[in-house]
Amino acid sequence: MDILVVGGGGREHAVIKTLKKSKKCGYIWCLPGNGGIAADAECVPVKATDIDGIVAFAEEKKPNFAVVTPDDPLCMGLVDRLEELGVPCFGPRANAAIIEGSKVFSKQLMKKYGIPTAESRVFTDADEALSFLKTSEYPTVVKADGLALGKGAIIAQTYGEAEKAVRDMMVDKIFGESGSRILVEEFLTGPEVSVLSFTDGKVVVPMVSSMDHKRAKTGDEGLNTGGMGTVAPNPYYTEKIAAQCMEQIFLPTVRAMNAEGRTFRGCLYFGLMLTPKGPKVIEYNCRFGDPETQVVLPLLESDLLDVMLACRNGTLGETEVKFSAGAACCVVLASEGYPQKYKTGYEISLPETKEGENIFIAGAKREGGKLLTAGGRVLGATATAPSLREAVERAYALADRICFENAYKRADIGARALKALEA
Ligand code: AMP
Ligand code: GLY
């Protein structure tokens, strides 16, 4: 089967490397891909948001299957367009991708169907939001309704900070139309867990749980980023909590989407907080997480292409989805300065990798036979091992063998998880 993969980060590199293990996998095109992915697929410079461009490419090449992973094209209806063309897809249609595309939609869905989440209020008027915030308890959370590159949630410690967030979003429109509606949300506490799941709209099969490290600096300091590293499984996510999540969150969400006429097929990502009052949904994503995918897929023992086809065809209940009992860690090497200003164009030297090690490239370009840095997050050094401690050690040992100027990594990916395991 010839496959079209849309996207161009470390997540897509992990997806492609895992698809290639399938006997059914034929040729792979990646739009746009990147200089590192080019070692594993034909990268074609069509942006993931260029819906017409991707559709024209698919019309010409006639792939047998397409995998759409980034949020923007999913919310823009790329799967609808490709399916119309006769290309079966892994990924939700636009009417289901809204579960990530609009936080107001997902809040209303959770309220209507009794799915546990933070209390919240919706505002379309800045003055009304501000007068509500004057009497709120702090900290509180201000969120833009729409997609905002993962930067749309502000934890405000004071009224002043909340006021700035409201003005940024609603008046100065720093996220464009995404901020024309906002949510003011109760501040929750507890460990965070990411659970990616496969669903065909009938059954939902959670993947191994994971833990992201969103802050830029060691010790959870600095700005929020797209993610500086991940581990799997997440030690806070016990079997008991998993069973509770299945009953109170995962199945109710899939059923709720069906009841709304918005059947979700693809990867449904549950961002959870394990609060003293039980697990609650912080956010839904309509796609694989980045860099969660980089630790989850190396632990998948089943054939990813078979599983993706089953999600598309409604046969997931009859398909094996098995994960290894081991652990994985991904340490992101970023360009110094990320998520703010940083320099690129430095040559990357990659070591040989051994069994259980993977280097997933996120931001690199190929020029004159050389691989050069080309983004904030450059790559993820990933390793699997029988235990989390060994996985973390192996991932750091691999990261230490990778060289490029201006490289920055956190020193404590997995530290909190290991502490929790030993507690
Ligand atoms: P989101 O964009 O909704 O994924 O939020 C980004 C991050 O903000 C989450 O991963 C949490 O760490 C934090 N966050 C979001 N909502 C809340 C909340 N209600 N209470 C506490 N922290 C939150
Ligand atoms: N790592 C979080 C996300 O992909 O949204």
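In each ligand, atom 1 is the first atom listed, and ligand 1 is the first ligand listed.
- Of the protein's heavy atoms, A153 CB, 3.4 Å lies nearest to atom 5 (O) of ligand 1.
- Taking a 4.0 Å cut-off on heavy atoms, G227 fails to register as neighbouring ligand 2.
- The backbone N or O of Y338 lies less than 3.5 Å from no partner atom in the side chain of S335, so there is not a single donor-acceptor pair.
- Atoms of ligand 2 found under 4.0 Å from any heavy atom of G289 (numbered from 1 in listed order, with element): 4 (O).
- Atoms of ligand 2 found under 4.0 Å from any heavy atom of D212, numbered from 1 in the order shown, are 1 (N), 2 (C).
- One finds no salt bridge joining E185 and R121 here, because no Lys/Arg side-chain nitrogen approaches an Asp/Glu carboxylate oxygen to under 4.0 Å.
- With hydrogens left out, the protein atom closest to atom 5 (O) of ligand 2 is R287 NH2, 2.9 Å, a heavy atom.
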Check step by step if side-chain hydrogen bond (donor to acceptor under 3.5 Å, both in side chains) holds for Y269 and S194.
CA-CA 7 Å; Y269 167 134; S194 306; 3.3 Å; yes
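- Within a 4.0 Å radius of atom 7 (C) of ligand 1, the protein contributes no heavy atom.
- The shortest contact between atom 3 (O) of ligand 1 and any protein heavy atom is with K143 NZ, 3.0 Å.
- Relative ring orientation between F270 and F250 is described as tilted, the plane-to-plane angle lying within the 30° to 60° band.
- Residue contacts with ligand 2, taken as heavy atom pairs separated by less than 4.0 Å, do not involve F288 at all.
- Per-residue contacts place F187 under 4.0 angstrom from the following atoms of ligand 1 (heavy atoms of the residue considered): 20 (N), 21 (C).
- For ligand 1, none of its N or O atoms has an N or O atom of M273 under 3.5 Å away.
- Atoms of ligand 1 found under 4.0 Å from any heavy atom of V141, numbered from 1 in the order shown, are 16 (N), 17 (C), 18 (C), 19 (N), 20 (N).
- Note that K217 lies in the cation-pi zone of Y408, set by a 6.0 Å cut-off to the ring centre and a 45° limit from the axis.
- For the atom pair CG (D40) and CD1 (I16), the distance works out to 7.0 Å, reported to the nearest 0.5 Å.
- For ligand 2, the atoms sitting less than 4.0 Å from at least one non-hydrogen atom of E292 are 1 (N), 2 (C), 4 (O), numbered in the order shown with element in parentheses.
- With respect to atom 17 (C) of ligand 1, the closest heavy atom belonging to the protein is I282 CD1, 3.6 Å.
- If you take CG on L74 and CD1 on I98, they are separated by 13.0 Å, rounding to the nearest 0.5 Å.
- In this comparison of R215, E100, E192, the heavy atom closest to atom 9 (C) of ligand 1 sits on E192.
- Using modelled atom types, no side-chain atom of R262 and backbone atom of M257 make a donor-acceptor pair closer than 3.5 Å.
- Within a 6.0 Å sphere centred on NZ of K21, other residues, nucleotides and ligands contribute more than 12 heavy atoms.
- Of the protein's heavy atoms, L188 O, 3.2 Å lies nearest to atom 21 (C) of ligand 1.
- Of the candidates D212, I155, T117, T140, I155 brings a heavy atom nearest to atom 22 (N) of ligand 1.
- Heavy atoms of G226 come nearer than 4.0 angstrom to ligand 2 in at least one pair.
- Put simply, the side chain of D412 gets close to the backbone of G219: a donor and an acceptor are under 3.5 Å apart.
- Separation of the F132 and F123 ring centroids falls under the 6.0 Å cut-off.
- Within a 6.0 Å radius of CD in E239, other residues, nucleotides and ligands contribute 12 heavy atoms or fewer.
- Of the polar atoms of E283, none of the N or O atoms is found under 3.5 Å from an N or O of ligand 2, judged by distance alone.
- Here K214 has side-chain heavy atoms under 4.0 Å from ligand 1, and that is the only part of it that gets that close.
- Close contacts of ligand 2 with Y269, meaning ligand atoms under 4.0 Å from a residue heavy atom, involve 2 (C).
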